[in-house]
Amino acid sequence: MYTLDRTEHFEQEIRKSRFLAIACPVESEAEAKARLAEVSDPAANHNCWAFRIGQVYRFSDDGEPSGTAGKPILQAIDGQALDRTLVVVTRWFGGILLGSGGLIRAYGGTAAMCLRAAQKTEYVERVALTVSLGFSDLALVKARLGAFAGLVMDEEAYHDTGARLSFRVPAEKAEEIGRLIVDLTSGRAEIGA
């Protein structure tokens, strides 16, 4: 699976109708709905959309005939093995009816071209870990954690006897990293999720 690095735009005209696709990376359904409200154009005839976040997906035809807009957009997302992705295709009607097949090609094609142009990275599921440790163990643990690819340090909070490190690691490395920290600190560190 892949995810988008940043928001991407693609615009085309099909038989006098203007189609604008905006593809956004999103982390949750709430964020997808917020981004949808942000990028939709109330002056346009239709703001059709779809998103996929893991097993959760939604789509809308926004007034177009059923199955001609939202579903083709979702198929474009799935066709490129994307996750945590929202695509909104906005249409300004140009006066020429496209028919069901034409709408499916227009919405799905515009979304697919936008997604093809977008920069993507392989999606890695991460789990959050928190480690509380003393100053005597801090330098060694931080140095060894730095060697793990895919580790994202979120916070370092210091207190009078040591520090609390909050970070995210690839899910398949979580157990290995936990064992490493226990070994490095001789069991003095407290590890939480």
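We number each residue from 1, following the sequence as shown. All values below were derived from every heavy atom in this structure, side-chain atoms included, with hydrogens, water molecules and symmetry-related copies excluded. Since we're looking at a predicted model, the values are computed, not measured.
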Query raised in the report: Is there a side-chain contact between T68 and P65 (heavy atoms, below 4.5 Å)?
Result: yes

Query raised in the report: Taking atom types as modelled, is there a side-chain donor on D5 or T121 under 3.5 Å from an acceptor on the other?
Result: yes

Report summary line: The reported gap from CD in E156 to CG in L165 (rounded to nearest 0.5 angstrom) is 5.5 Å

Query raised in the report: Counting heavy atoms not belonging to R105, are there more than 12 under 6.0 Å from its CZ?
Result: no

**Report entry** Heavy-atom closest contact (A23 atom, L115 atom, distance)
**Finding:** CB-CD2, 3.7 Å

Query raised in the report: In terms of the angle between their ring planes, are F19 and Y107 parallel, tilted or perpendicular, with boundaries placed at 30° and 60°?
Result: perpendicular

Sequence neighbours excluded and cut-off under 3.5 Å, please list the side-chain donor-acceptor pairs for residues 171-179, or say none.
unit_1	atom_1	unit_2	atom_2	d
E175	OE2	R179	NH1	3.0

**Report entry** Under 3.5 Å: donor-acceptor pair, side chain of E155, backbone of F167
**Finding:** no

Report task. Would you please test T3 and D83 for side chain to side chain contact (heavy atoms under 4.5 Å, CB included) and show each step? Result -> CA-CA 5 Å; T3 189; D83 192 9; 5.6 Å; no

Report task. Determine the minimum heavy-atom distance between A112 and A76, stating which atoms define it. Result -> N-CB, 3.8 Å

Query raised in the report: Between P72 and G67, which heavy-atom pair has the shortest distance, and what is it?
Result: CD-O, 3.7 Å

Report task. Begin with the C-alpha distance, continue with both residues' side-chain angles, and end with the deciding distance and a verdict on side chain to side chain donor-acceptor pair (under 3.5 Å) for R35 and T7. Result -> CA-CA 11 Å; R35 290 290 303 198; T7 300; 3.2 Å; yes

Query - Euclidean distance, D160 CG relative to F135 CZ, rounded to 0.5 Å - result: 7.5 Å

Report task. Report the C-alpha distance between L82 and Y123 in whole Å, list the side-chain angles of each, state the deciding distance to 0.1 Å, and finish with yes or no for side chain to side chain contact (heavy atoms under 4.5 Å, CB included). Result -> CA-CA 9 Å; L82 286 163; Y123 176 72; over 6 Å; no

**Report entry** Same cluster (ILVMFWY, side-chain, under 4.5 Å), M1 and V56
**Finding:** no

Query raised in the report: When hydrophobic residues are tied together by side-chain contacts of less than 4.5 Å, even through go-betweens, does L138 share a cluster with V169?
Result: yes

Query raised in the report: Counting only heavy atoms not in K71, do more than 12 sit closer than 6.0 Å to its NZ atom?
Result: no

Requested in this report: State plainly whether the residues D154 and R168 are in salt-bridge range, i.e. N to O under 4.0 Å.
Outcome: yes

Query - Backbone of G94 reached by a side-chain donor or acceptor of S17 within 3.5 Å - result: yes

Query raised in the report: Distance-only, no hydrogens or angles: does the K120 side chain make a donor-acceptor pair with backbone N or O of A81 under 3.5 Å?
Result: no

Query raised in the report: Under the 3.5 angstrom rule, does the side chain of D61 hit a backbone N or O of G63 as a donor-acceptor pair?
Result: no

Query raised in the report: Should I22 and I53 be counted in the same cluster of Ile, Leu, Val, Met, Phe, Trp and Tyr side chains packed under 4.5 Å apart?
Result: yes

Enumerate, atom names and distances included, each donor-acceptor pair closer than 3.5 Å involving a side-chain atom of residues 8-15, sequence neighbours excluded.
unit_1	atom_1	unit_2	atom_2	d
E11	OE2	R18	NE	2.6
Q12	NE2	T110	OG1	2.7

Report task. Mind listing the closest non-hydrogen atom pair of L4 and A118 along with its distance? Result -> CD2-CB, 3.6 Å

Query - Side-chain (D62) to main-chain (H46) donor-acceptor, under 3.5 angstrom - result: no

Report summary line: Rounding to 0.5 Å, atoms CD1 (I77) and CG (L86) come to a distance of 7.0 Å

Requested in this report: Look at atom CZ of R144 and say whether more than 12 heavy atoms of other residues, nucleotides or ligands are closer to it than 6.0 Å.
Outcome: no

Query raised in the report: Taking T85 for the side chain and R52 for the main chain, is one N or O donor matched with an acceptor at less than 3.5 Å?
Result: no

Report task. Output, in order, the C-alpha distance, side-chain angles, deciding distance and verdict of side chain to side chain contact (heavy atoms under 4.5 Å, CB included) for R58 and E29. Result -> CA-CA 9 Å; R58 304 274 183 276; E29 193 169 344; 3.5 Å; yes

**Report entry** Heavy-atom neighbours of Y2 OH exceed 12 at 6.0 Å
**Finding:** no

Requested in this report: Check whether any side-chain heavy atom of R126 lies under 4.5 Å from a side-chain heavy atom of V152, and answer yes or no.
Outcome: yes

Report task. Give, for atom SG of C48 and atom CZ of R91, the distance between the pair rounded to the nearest 0.5 Å. Result -> 8.5 Å

Requested in this report: Report the residues that fulfil side-chain hydrogen bond (donor to acceptor under 3.5 Å, both in side chains) with R116, sequence neighbours left out, ordered by chain and then residue number.
Outcome: none

Query raised in the report: In terms of side-chain geometry, is the basic nitrogen of R164 or E190 positioned less than 4.0 Å from the acidic oxygen of its partner?
Result: no

Query raised in the report: Who pairs with N47 by side-chain hydrogen bond (donor to acceptor under 3.5 Å, both in side chains), at least two apart in sequence or on another chain?
Result: T90

Query raised in the report: With sequence neighbours left out, what residues match N45 under side-chain hydrogen bond (donor to acceptor under 3.5 Å, both in side chains)?
Result: none

Query raised in the report: Using links of under 4.5 Å between side-chain heavy atoms of ILVMFWY residues, direct or through other members, which residues join L74 in one cluster?
Result: Y57, F59

Query raised in the report: Transitively linked via ILVMFWY side-chain contacts under 4.5 Å: L129 with L140?
Result: yes

Query raised in the report: Between L184 and D137, does a side chain to side chain contact (heavy atoms under 4.5 Å, CB included) hold up when you go through it step by step?
Result: CA-CA 8 Å; L184 291 174; D137 297 317; over 6 Å; no

Query raised in the report: Below 4.5 Å, heavy atoms only, C-beta onward: do V141 and L133 meet side chain to side chain?
Result: yes

Requested in this report: Taking the side chain as every heavy atom from C-beta outward, state whether I73 and V87 have any atom pair closer than 4.5 Å.
Outcome: yes

Query raised in the report: To the nearest 0.5 Å, how far apart are CG in L20 and CH2 in W92?
Result: 5.0 Å

Report task. Verify the cluster assignment for F93 and L98: are they in a single hydrophobic cluster under the rule of side-chain heavy atoms below 4.5 Å apart? Result -> no

Report task. Please round to the nearest 0.5 Å and tell me the distance separating atom OG1 of T185 and atom CG of L180. Result -> 9.0 Å

